[in-house]
Amino acid sequence: MTHFTDGVEDFNRFYIRLPRRRKLPFSTLSVLDALAFDGSPKRLAELSAGEQLSQPGLTQLVQRLERDGLVVRGGDPRDGRAVLVHITEEGRGIGVSRRRERIGQLMPLVALLPPEDRRALAKAIPALERLAQLGRESAGAAHAAAEQHLPAMHRGLTGKGATDMPRQCGRFPGS
């Protein structure tokens with residue numbers, strides 16, 4: 001399993017750096033990808049935990065993204081005290097553009113591989129997709145379990161309690 005993990009990490013280091021035209025900080029790209037992944041807005045606390053950024057750091061990042069027209073902030077209809085961050089079409093377009101650029105840079109490299117390696121990559125895709133799905137489900141289960149065990153007093157102090165916790169999607173950054 002270490003060999004598999006090393007291979008995935010080595011590929012991921014290469015893959016996340018493929019787009020070279022529009023240089024944006026990784027934290028910006030990661031937040032935009034998290035918002036675009038399932039299309040639903042996220043609370044600041046959820047983004048902060050999922051993106052491994054401090055709340056103040058994420059707040060500053062979201063302010064910059066909003067100023068640049070990549071996200072908008074709005075109230076949470078379930079909790080008037082909470083803020084939801086929504087991705088804009090321009091923000092979504094950055095991810096689409098980066099994905100196209102990655103495809104344009106990756107496909108010529110894939111073409112250099114021998115046919116058996118290309119077939120092995122094609123055969124591995126369903127297993128990798130299932131692995132990512134298991135990761136998302138596992139994070140969701142951990143989230144639900146944490147919510148069940150949160151003391152009632154803590155839930156009362158923080159609004160929705162564990163709903164502020166991250167939903168880790170397991171996506172490749174910026175894809």
Side-chain angles (χ1 to χ4, degrees), residues 5 8-9 11-102 131-175:
T5 304
V8 168
E9 288 177 356
F11 177 78
N12 198 35
R13 271 190 299 277
F14 157 75
Y15 182 76
I16 64 174
R17 290 169 177 84
L18 271 179
R20 300 190 198 312
R21 280 187 227 142
R22 185 172 177 185
K23 296 282 188 189
L24 292 170
F26 180 76
S27 56
T28 295
L29 298 170
S30 187
V31 166
L32 291 175
D33 185 62
L35 290 168
F37 177 68
D38 65 6
S40 64
K42 306 271 186 268
R43 285 179 162 205
L44 284 171
E46 183 180 6
L47 280 171
S48 177
E51 299 308 307
Q52 300 177 7
L53 295 169
S54 69
Q55 186 94 19
L58 179 69
T59 298
Q60 288 180 347
L61 175 58
V62 167
Q63 287 171 344
R64 281 194 311 273
L65 294 175
E66 188 172 36
R67 184 188 64 230
D68 294 342
L70 304 176
V71 303
V72 292
R73 290 183 290 174
D76 185 341
R78 297 171 296 158
D79 181 352
R81 299 167 294 173
V83 172
L84 289 176
V85 181
H86 306 255
I87 192 166
T88 64
E89 284 306 310
E90 186 176 350
R92 193 177 313 282
I94 288 175
V96 169
S97 167
R98 290 178 61 79
R99 181 175 167 81
R100 282 191 194 123
E101 188 176 344
R102 279 191 176 125
L131 187 59
Q133 180 63 35
L134 288 170
R136 288 188 294 274
E137 291 169 2
S138 171
H143 170 85
E147 187 173 71
Q148 285 180 341
H149 298 295
L150 237 115
M153 185 176 100
H154 181 68
R155 276 196 298 273
L157 291 174
T158 61
K160 298 290 184 185
T163 57
D164 293 341
M165 296 174 67
R167 180 191 151 277
Q168 305 225 355
C169 65
R171 296 250 314 179
F172 289 110
S175 61

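Reckoned from all heavy atoms, side chains included, excluding hydrogens, waters and symmetry mates.
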Requested in this report: Apply the test side-chain contact (heavy atoms from CB on, under 4.5 Å) to residues Lys42 and Leu35: give CA-CA distance (whole Å), side-chain angles for both, the deciding distance (0.1 Å), then the verdict.
Outcome: CA-CA 7 Å; Lys42 306 271 186 268; Leu35 290 168; 3.5 Å; yes
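In this structure, CG on Leu24 lies 8.0 Å from CG on Leu32, to the nearest 0.5 angstrom. For the atom pair CG of Leu70 and NE2 of His86, the computed distance is 15.0 Å after rounding to the nearest 0.5 Å. Between the CG atom in Leu53 and the CG atom in Leu44 there is a gap of 11.0 Å [rounded to 0.5 Å]. In this structure, Glu51 CD and Leu58 CG are separated by 8.0 Å, a value rounded to the nearest 0.5 Å. The CG atom of Leu47 sits 9.5 Å away from atom CD of Gln55, with the distance rounded to the nearest 0.5 Å. Residue Leu65 holds its CG atom at 5.0 Å from OG1 of Thr28, rounded to the nearest 0.5 Å.
Taking Glu89 as the reference, Arg92 meet the salt bridge (charged side-chain N to carboxylate O under 4.0 Å, His left out) condition, with sequence neighbours excluded. Taking Arg67 as the reference, nothing meets the salt bridge (charged side-chain N to carboxylate O under 4.0 Å, His left out) condition, with sequence neighbours excluded.
For the pair Leu18 and Glu101, the tightest heavy-atom approach, listed with the atom from each and the gap, is O-OE2, 4.2 Å. Nearest heavy-atom pair, Gly75 versus Leu84, reported as atom, atom and distance to 0.1 Å: O-CD1, 4.0 Å. Shortest non-hydrogen contact noted between Ser54 and Ser48 is C-OG, 3.5 Å.
In this structure the side chain of Gln63 never reaches within 4.5 angstrom of the side chain of Val71, judged on heavy atoms.
Remark: Asp33 does not engage Arg98 in a salt bridge, criterion side-chain N to carboxylate O under 4.0 Å.
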